[in-house]
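Down below is the structure, laid out as structure tokens.
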Amino acid sequence: MARFIDELKRTHHCAELRAAEEGKEVVLFGWVASYRDHGGCVFIDLRDREGITQIVFDPNLTGHGDSPKAAYEAARALRNEWVVGVRGVVVSRGKNKNPKLPTGEIEIHAAELNVFNKADTPPFLIEDEIDTGEEKRLQYRYLDLRRAPLQKTLRVRHKINQVTRRYFDDKGFLELETPFMVKYTPGGARNFLVPSRLHAGKFYALAESPQLFKQLYMVAGFDKYFQIVKCFRDEDLRLDRQPEFTQIDVEMSFVNQDDVFRTMEGLVFAVWKEVLGIDLHEKYPSGRFPQMPFDESMTKYGNDKPDLRFAMPHDDLTALVIEHGGGGVSFLADIAKKFESGQLRRDLPGEIVKAMRVPGEHAQKLSRTEVDKLEDFVKGMGAKGLARAKVDKDGAWTQSPFAKTMTAELRQAINVKLGAKEGDLLLFQFGKASTVHTVLANLRVHLAKKLGLIPEVGHGGVFNFLWVVNPPLFEWDEDRTTWAAAHHAFTRPHDDCVDLLEKDPGKVLCYRYDLVLNGFEIGGGSIRLHDPDVQARVFRALGITDDDARAKFGFLLDALRFGAPPHGGIAVGMDRLAMLLSGAESLRDVIPFPKTQKGTDTMTDAPNRASPEQLAELRIRVVEPQP
RNA sequence: GGGGCGGUAGUUAAGUUGGUUAUAACGCCGGCCUGUCACGCCGGAGGCCGCGGGUUCGAGCCCCGUCCGCCCCGCCA
């Protein structure tokens, strides 16, 4: 029977002891965070998940027989990250306090030392600040996780989970589970497939979300559901996208959009209060977050997740350009002609002209070379170029490809529309609407970081929440030249739009909503369509036949006919929430064991090949790529 | 599928126009040291310059290919 652990139990953790405990005999377990051998005595910093306590090994410690001497001898061999147990006495450090440590007023004079385990020299130091690259840290993730910053972010996750469970439980929600292995349905995000051995040749899909099942819970009468749940999507990764991620998933019956908003606002307020100690009422006294129509968000910011910590909105100049017939500029005239000929519709334009005004106070910080670099930046996103103009006295434009050719009338009209003043920098994009929006949206954020309006990473102490509401139900699929569901086919259209389903599908708005924080979408949901007649008309508008619908969603359509209550819900990206809350650089910093940009795990070497036997059993043959 | 950046001791980086023995800091190893807490001092070891090919008298450096990591577009809510 081992003396430590079996006999000597841990009495305190490494952040616990203060001067009040002076004279007590204690037992501490932990990792050697630092050793300082002074020849005659040895100091170590002992670390566990709570903190650090200094241990002193002095061979002359009296009152413990020979054991302090043995402990001292053993301590001289200690190295970083060895796992040890120490029995000793709490002693005041007197005038030698270490103000950097919460336990700095005391130290443990060791009477007995036990080495549980030695450790290889780690590839990087286990400290708060290290400059080791992420590649190395991911390879040794268990060591990276031993560092205080990651211990802290995982605690943030823990807290979010606890607050969420308490909040929804208090409000009468039931935490209910849904299957991960579900029926494969094409469309939407790509699914990870799970081959079935019992049905060789057939596959389950890993659930992209619990969407359909939570609706079935509503049909079943559970009324209020929530779940903290893993979701899986086989799409390319980004800084804020991982193939497996966690959602706080919510669904409610007999509610409208505003009921969902109030519920989630309550949750966010509770999380901010309990995790950060921030009372969001100071910024949002009503307890409500502002709302912005989707259309306004697209026009002003180029996407549906605007970062409102700074201004610099965009303006749509398409109408002006058409009115002025292109204003003497050939490529603008080309676009104007397409509208006049009816090739493009003014209410649903496929091509647009937009501009962003960089106010003089900011523009003056940008050298001409820096503005040239912006052109490279936008070209990387598919822009043909970045037309610009510097506003001179009397609204004249300089440093601009338009300066010579554009009519004074159009130039003046644009100045008025943009509110352009002397010293301002105007940046233009025109062409395919989706490209123009993407380019200007990214350019706006890029510039804001460059100009110091928002920090390069993190929240900078500012949290700007926004509901983006009332988007169109359908969007035009240019490749397949059909209308496609912008979200999913079960979103409820506004009542006053239902008549447009057949006449003008692009004009149908719906009860869908996204919750945006500092330019990141942290949640999204909708009020669901529970009326079978309207549902049928939506399918028809999408060109989905009854047979198609039955094959894909038969079980849901059946369920909706057996007494479905009006219902709606939302899913919050829990990882993104944790990332923004803790000011982390990427999702990888708040996910314990994340994947790389290519979706691999460099620590375990997943994904890997399956054995021929396993593949044979599943009747799967791997086709190697042709060279 | 496309664009951009990167890969040199354990780690982070420097490395000139292609030139002789590839540097530094931290870490690591050994020695000394009883008040350190970024301990200090003395000494030492450590390199597939991502990988493969090419150009050259000579390649860390130039060229071609390839792999890996990161950011973005497409894709994805």
Side-chain angles (χ1 to χ4, degrees), chain A residues 33-45 52-61 72 76 79-80 91 93-101 103-104 107 120-140 187-191 208-209 211 231-243 245 247 303-305 373 376-383 434-435 438-439 441-443 445-446 468 471 475 479 485-488 491 512-516 520-526 570-573 576 585-586 588 595-598 600 602:
Chain A
S34 158
Y35 62 95
R36 299 176 289 279
D37 183 347
H38 282 248
C41 75
V42 175
F43 297 89
I44 71 166
D45 289 345
I52 282 177
T53 299
Q54 172 163 287
I55 317 287
V56 186
F57 295 91
D58 183 341
N60 302 319
L61 181 67
Y72 159 77
R76 299 200 73 175
R79 291 296 179 268
N80 283 337
V91 176
R93 291 182 61 169
K95 286 181 182 160
N96 255 324
K97 281 183 198 149
N98 183 347
K100 291 178 192 163
L101 292 180
T103 60
E107 63 192 5
D120 287 357
T121 302
F124 46 82
L125 294 175
I126 311 302
E127 296 175 344
D128 291 9
E129 302 283 333
I130 57 172
D131 50 14
T132 305
E134 195 182 11
E135 197 173 348
K136 264 293 179 281
R137 292 193 286 115
L138 284 176
Q139 195 185 333
Y140 298 93
R190 291 187 187 89
N191 293 108
E208 301 166 25
S209 75
Q211 181 62 42
C231 303
F232 306 89
R233 290 176 195 168
D234 187 9
E235 295 294 343
D236 285 11
L237 285 76
R238 288 285 187 282
L239 174 107
D240 62 345
R241 279 164 32 187
Q242 282 271 312
F245 59 100
Q247 285 190 342
N303 61 24
D304 58 355
K305 45 174 188 176
K373 279 199 188 131
D376 296 335
F377 176 79
V378 300
K379 278 181 177 167
M381 276 171 298
S434 55
T435 307
T438 300
V439 166
N442 284 308
L443 183 61
V445 173
H446 177 77
V468 174
E475 57 193 25
D479 296 334
H487 188 53
H488 58 66
T491 303
R512 195 188 107 212
Y513 31 83
D514 285 336
L515 180 57
V516 178
F520 287 87
E521 184 207 309
I522 58 168
S526 63
I570 189 167
V572 168
R576 285 186 189 171
E585 270 187 62
S586 87
R588 291 185 299 276
K595 304 289 188 286
T596 68
Q597 169 114 128
K598 285 226 172 90
T600 63
T602 51

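FYI, side chains are in, hydrogens and waters are out, and symmetry mates aren't considered; it's all heavy atoms of this structure. In what follows, chains carry the letters A, B, and so on, assigned in the order in which the sequence lines appear, proteins first and then strands, with residues in each chain numbered from 1.
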Using a 3.5 Å distance criterion without hydrogens, assess whether the side chain of [X] forms a donor-acceptor pair with backbone atoms of [Y].
X        : Y        : result
A/Thr103 : A/Gln54  : no
A/Arg241 : A/Asp236 : yes
A/Arg137 : A/Thr132 : yes
A/Arg576 : A/Glu521 : yes
A/Asp120 : A/Pro122 : no

Classify [X] by what it touches in the nucleic acid, base, sugar-phosphate, or nothing, heavy-atom distance under 4.0 Å.
X        : value
A/Thr438 : sugar-phosphate
A/Glu134 : sugar-phosphate
A/Asn96  : base
A/Leu239 : sugar-phosphate
A/Gly573 : nothing
A/Ala486 : base

Could you work out the separation of [N] and [M] based on their [atom1] atoms and round it to a whole Å?
N      : M      : atom1 : answer
B/rC73 : B/rC57 : C1'   : 47 Å
B/rC33 : B/rC26 : P     : 23 Å
B/rG1  : B/rG46 : C1'   : 43 Å
B/rA38 : B/rA22 : C1'   : 29 Å
B/rU23 : B/rC49 : C1'   : 13 Å
B/rG6  : B/rC64 : P     : 16 Å
B/rC67 : B/rU21 : C1'   : 32 Å
B/rG15 : B/rG53 : P     : 28 Å

Do [X] and [Y] touch side chain to side chain, with heavy atoms closer than 4.5 Å?
X        : Y        : value
A/Gln242 : A/Leu237 : yes
A/Lys305 : A/Asp514 : no
A/Glu107 : A/Asn96  : no
A/Asp304 : A/Arg512 : yes
A/Glu208 : A/Glu235 : no
A/Asn80  : A/Ile126 : no
A/Arg588 : A/Thr596 : no

5'-most contact on RNA chain B (nearest-nucleotide basis), A/Phe124 vs A/Lys595, goes to A/Phe124
By nearest-nucleotide position on RNA chain B, the 5'-leaning member of A/Gly382 and A/Thr602 is A/Thr602
Mark yes or no for a side-chain to base donor-acceptor pair under 3.5 Å between [X] and [N], with no hydrogen or angle criteria applied.
X        : N      : value
A/Arg93  : B/rC37 : yes
A/Glu107 : B/rG35 : yes
A/Arg576 : B/rA77 : no
A/Asn60  : B/rU34 : yes
A/Arg241 : B/rC76 : yes

Stacking check A/His38 vs B/rG35 (5.5 Å / 30 deg) | no
Please pick, from [options], the nucleotide with the shortest atom-to-atom distance to any side-chain atom of [X].
X        : options                : value
A/Arg588 : B/rC70, B/rG35, B/rC76 : B/rC70
A/Gln597 : B/rC70, B/rA77, B/rU34 : B/rC70
A/Asp58  : B/rC76, B/rU34, B/rC37 : B/rU34
A/Phe43  : B/rG10, B/rU36, B/rC72 : B/rU36
A/Asp304 : B/rA77, B/rC39, B/rC37 : B/rA77

Look at [X] and [N] and indicate whether a side-chain polar atom (N or O) is within less than 4.0 Å of OP1 or OP2.
X        : N      : answer
A/Thr596 : B/rG69 : yes
A/Arg190 : B/rG74 : no
A/Asn98  : B/rU36 : no
A/Thr600 : B/rG69 : yes

Measure the acute angle between the ring planes of A/His446 and A/Phe377, then classify it against the limits of 30° and 60° as parallel, tilted or perpendicular.
-> parallel
For the pair made of [atom1] in [X] and [atom2] in [N], what is the distance, rounded to whole Å?
X        : N      : atom1 : atom2 : result
A/Glu127 : B/rG10 : CD    : C1'   : 14 Å
A/Ile44  : B/rU34 : CD1   : C1'   : 16 Å
A/Glu208 : B/rC75 : CD    : P     : 16 Å
A/Lys100 : B/rA38 : NZ    : P     : 4 Å
A/Phe57  : B/rG35 : CZ    : P     : 18 Å
A/Arg238 : B/rA77 : CZ    : P     : 13 Å
A/Lys136 : B/rU12 : NZ    : C1'   : 12 Å
A/Asp120 : B/rU11 : CG    : P     : 14 Å

Between CZ on residue A/Phe245 and CG on residue A/Asp240, distance to nearest 0.5 Å | 11.0 Å
Pairing nucleotide - [N], Watson-Crick or G-U, each distance under 3.5 Å:
N      : result
B/rC70 : B/rG4
B/rG65 : B/rC51
B/rU21 : none
B/rG44 : B/rC28

Any chance you could list the contact pattern along nucleotides 1-6 of chain B? Use B for base contacts, S for sugar-phosphate-only contacts and - for none, protein heavy atoms under 4.0 Å, 5' to 3'.
-> B-----
Under 4.0 Å protein heavy-atom contact, by nucleotide of nucleotides 27-32 of chain B - B base, S sugar-phosphate only | -SSS--
